[in-house]
Amino acid sequence: MARAHTPARKAAISAVAWTVALLIFFPILWTVLTSFKTEGQAVSTPPVFVFFDWTWENYATVQERSNYARHAMNSVVISVGSTLLALLIAVPAAWSMAFSPTKHTKNILMWMLSTKMMPAVGVLVPIYLLFRDWGLLDTLGGLVAVMALINLPIVVWMLYTYFKEIPGEILEAARMDGAGLSAEIIHVLAPMAVPGIASTMLLNVILAWNEAFWTLNLTAAKAAPLTAFIASYSSPEGLFWAKLSAASTMAILPILVLGWFSQKQLVRGLTFGAVK
Amino acid sequence: MATTHTRAAARLTLAPSVILLLAWMAIPLAMTLYFSTLRYNLLMPGMESYVGVENYGWFLTDPAFKAAIVNTLTLVLGVLAITLIGGTALALLLDQPMWGQGIVRLLVIAPFFVMPTVSALVWKNMLMHPVNGLFAWIAQSLGMEPVDWFAELPLFSIIVIVAWGWLPFATLIILTALQSLDSEQREAAEMDGAGPVSVFAYITLPHLARALTVVVLIETIFLLSVFAEILVTTNGGPGTATTNLAFLIYAQALLQYDIGGASAGGVIAVILANIVAVFLIRMVGKNLES
């Protein structure tokens, strides 16, 4: 056979793959390592890799000086809040399009997708001015609304592709048995739809957590989530790499863990079901 | 059996999504269009006046606009080239049997989950800093002159940072597509004496065509509006070396308070994005039918 999977071949491929994977992962690893150094060690040449005096000091300092917990809380409120709001709006829409499609369903889905293509800068000016006039600049409520709206098309689409996979016969059987609309949803649909809704939620939280156009432009000190808080480290005065690393590590680790669980949903959600 | 009951229910369930999205799209877009015809500066409130297409003429002839278009395209094409070639290579590698495949996969996709401001600052400071950065140390250790990345190769540096974030996305999509490839077909070709190159060119690549197209189109949508990475690393500079269209419009509106000019830029950005969108919509539409 042409491709014999000899142990030698497997070892060689493993070695190459691990090397490449570690190189790609290195910037993250380096950030985590640096977060445990002193500021002096963080900028030292030659760099220290593992043999330095590990310290938690940066984590404490970041919290004390900049009120990290508040920005982390803002991130949680914005990402989870916008996801729940989007789900609330999207679940009924996706449900009816999946189970009672009309001749307009496809056009509506396509149109929703097209709204996602609108570049944010195209509406930055009016949204900024409206937010200013309505007193929504630098408020959590304003950002929750914007995030829910920009992710709504993805949420509808993802839910739609999941709901589509629920066999319609089950619904018909329930209807034949005389189940009303609400009974249909609670007893038949809900148990089968929960995994899809959970996946959608996961992906949407990740996307909202990392969104950095609207969060940077519409927040200041009060409602700034972690994306905007980290950006404040870009000021050129002084090098605080160890503290930057500590703040960054805290900002990315929770979402990295969530992300690792959501590989499949990621593919499906971001390709609008075109690749599964 | 589409009864009037279900039709009414469908309308009711769809209404919130459709109305909200319509409002989110149409109202600001109409306002952008309207503002783009005004001389409107936030520093001179109450002085707004209708100027027709003057803002467009001004925006289109601004040397910064030409630079921004070139930078936007360079950024999109550069990142696409890196992520498509790198992603295909990585996906082919990860598709092979190996030890610890699950962990390797986790390590490779990790950068996608790093927020743009973090990746930009980590790369800019800890890796690409001309004195204390790791790359500078590696260059010195090898007896080379360290590169001052953001002064000498600013746009390239941003391309590298953005590509690092999108490489996992491309890899993941291509890998997902690879795993649905019928292995019997490939083995049959190998039995017939096809080498690895012709198997890749005649069997694997055609199978990947759809996934690759999806990667190109989706990345393009996101890459056309790269913003945070530029804001925290170069602020569009030096000069306009790293100013893309998104950053130019932001600077025009929120740094120079020129609402009219920025709105004209916004309309142009929408038109450009629509050209790309037409292709994506057609493509996903076809998949929906199949």
Side-chain angles (χ1 to χ4, degrees), chain A residues 2 5 10 13-14 17-18 21 24-25 27-28 30-31 34 43 45-47 89-90 92-93 96 100 102 106 110 112-115 117-127 149 152 156 210 212-213 216 227 230-231 233-234 241 244 248 251-252 255-256 259-260 267 270-272 274-275, chain B residues 6 9-10 13-14 16-17 20-21 24-25 28-29 31-32 35 93 96-99 104 106-108 110 113-118 121-122 125-127 132 134 137 172-173 176-177 190 211 214 218 221 224-225 227-228 232 246 249 253 259 262-263 266 269-270 273 277 281 284-285 287-288:
Chain A
H5 294 308
K10 191 172 178 182
I13 286 173
S14 301
W18 274 92
I24 291 175
F25 188 71
I28 298 173
W30 191 235
T31 307
T34 307
V43 295
T45 325
I89 304 165
S96 81
S100 323
T102 66
K106 199 190 148 191
M110 282 302 145
M112 284 186 173
L113 179 59
S114 76
T115 67
M117 319 278 147
M118 183 178 65
V121 282
V123 294
L124 169 66
V125 170
I127 295 294
L149 283 169
L152 189 58
V156 172
N210 288 339
F213 179 80
L216 286 171
T227 42
I230 300 284
Y233 276 86
S234 66
W241 295 2
L244 164 67
S248 300
I252 62 176
I255 225 65
L256 191 57
W260 278 339
V267 172
L270 286 178
T271 61
F272 297 94
V275 176
Chain B
T6 52
T13 50
L14 269 173
S17 299
L20 280 172
L21 273 178
W24 165 249
M25 239 192 41
L29 214 51
M31 287 173 76
T32 305
F35 289 152
L93 180 64
Q96 309 287 323
M98 68 179 76
W99 290 303
V104 167
L106 291 184
L107 294 178
V108 169
F113 303 110
V114 176
M115 53 178 66
T117 45
V118 165
L121 284 178
V122 164
N125 291 320
M126 284 147 56
L127 299 176
N132 303 93
L134 205 64
W137 173 71
L172 204 55
I173 305 270
T176 309
E190 279 168 359
V214 169
I218 288 168
I221 297 298
L224 277 174
S225 34
F227 174 74
V232 299
I249 295 166
I259 297 302
S263 299
V270 170
I281 303 261
V284 179
N287 288 334
L288 198 70

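We name chains A, B, ... by the order of the sequence lines, and we start the count at 1 in each one. Side chains included, hydrogens not; waters and symmetry mates left out as well; all remaining heavy atoms used.
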Top contributor to chain B contacts, counting heavy-atom pairs under 4.5 Å, from A/P27, A/A251, A/S248: A/P27
Taking side chain as everything from C-beta outward and backbone as N, CA, C, O, which of these in A/I230 sits under 4.5 Å from a heavy atom of chain B? Side chain, backbone, both or neither. both
Specify the closest pair of heavy atoms between B/S17 and A/A90, including all atoms of both residues, with the distance to one decimal. OG-CA, 4.1 Å
Which pair of non-hydrogen atoms, one from B/A262 and one from A/V125, has the smallest distance, and what is that distance? CB-CG2, 3.8 Å
For A/L256, is it the side chain, the backbone, both, or neither that has a heavy atom closer than 4.5 Å to a heavy atom of chain B? both
B/N125 pairs by side chain to side chain contact (heavy atoms under 4.5 Å, CB included) with which of A/L244, A/V43, A/T34? A/L244
For each of B/L106, B/L93, B/L14, tally heavy-atom pairs with chain A at distances under 4.5 Å, and name the one with the top tally. B/L106
For chain A, find which of B/A228, B/A246, B/G266, B/A110 contributes the most heavy-atom pairs closer than 4.5 angstrom. B/A110
Any side-chain heavy-atom pair from A/V121 and B/F227 closer than 4.5 angstrom? no
Can you tell me how far CE of A/M118 sits from CG of B/L21, rounded to the nearest 0.5 angstrom? 9.0 Å
Considering non-hydrogen atoms only, spot the tightest contact between A/V267 and B/T176 and give its length. CG2-OG1, 3.6 Å
Specify the closest pair of heavy atoms between B/T32 and A/V123, including all atoms of both residues, with the distance to one decimal. OG1-CA, 4.0 Å
Test your reading of the model: is there a side-chain donor-acceptor pair from B/T117 to the backbone of A/A231, 3.5 Å cut-off? no
For A/I127 and B/P28, the nearest pair of non-hydrogen atoms, with its separation, is CD1-CG, 3.8 Å
Quick one, B/W24 with A/T115, criterion side-chain contact (heavy atoms from CB on, under 4.5 Å). Give me CA distance, side-chain angles, the key distance, then yes/no. CA-CA 9 Å; B/W24 165 249; A/T115 67; 5.6 Å; no
Partner chain A: residue of B/V270, B/L172, B/I249 with the largest heavy-atom pair count (under 4.5 Å): B/L172
Verdict with reasoning, A/W18 to B/L107, per side-chain contact (heavy atoms from CB on, under 4.5 Å): CA-CA 9 Å; A/W18 274 92; B/L107 294 178; 4.1 Å; yes
Test your reading of the model: is there a side-chain donor-acceptor pair from B/W99 to the backbone of A/S14, 3.5 Å cut-off? no
Note: A/P126 and B/F35 closest approach over all heavy atoms is CA-CE1, 4.2 Å
With a 4.5 angstrom heavy-atom cut-off, is it the side chain or the backbone of A/L149 that approaches chain B, or both, or neither? both
Using a 4.5 angstrom heavy-atom cutoff, name the option from B/S225, B/A253, B/P116 with the most pairs to chain A. B/P116
A/F25 and B/V104: CA distance, side-chain angles, deciding distance, side-chain contact (heavy atoms from CB on, under 4.5 Å) verdict: CA-CA 10 Å; A/F25 188 71; B/V104 167; over 6 Å; no
Atom CZ of B/F113 and atom CG of A/N210: how far apart are they, to the nearest 0.5 Å? 9.0 Å
Does any heavy atom of chain A fall under 4.5 Å from the side chain of B/L134, the backbone, both, or neither of them? side chain
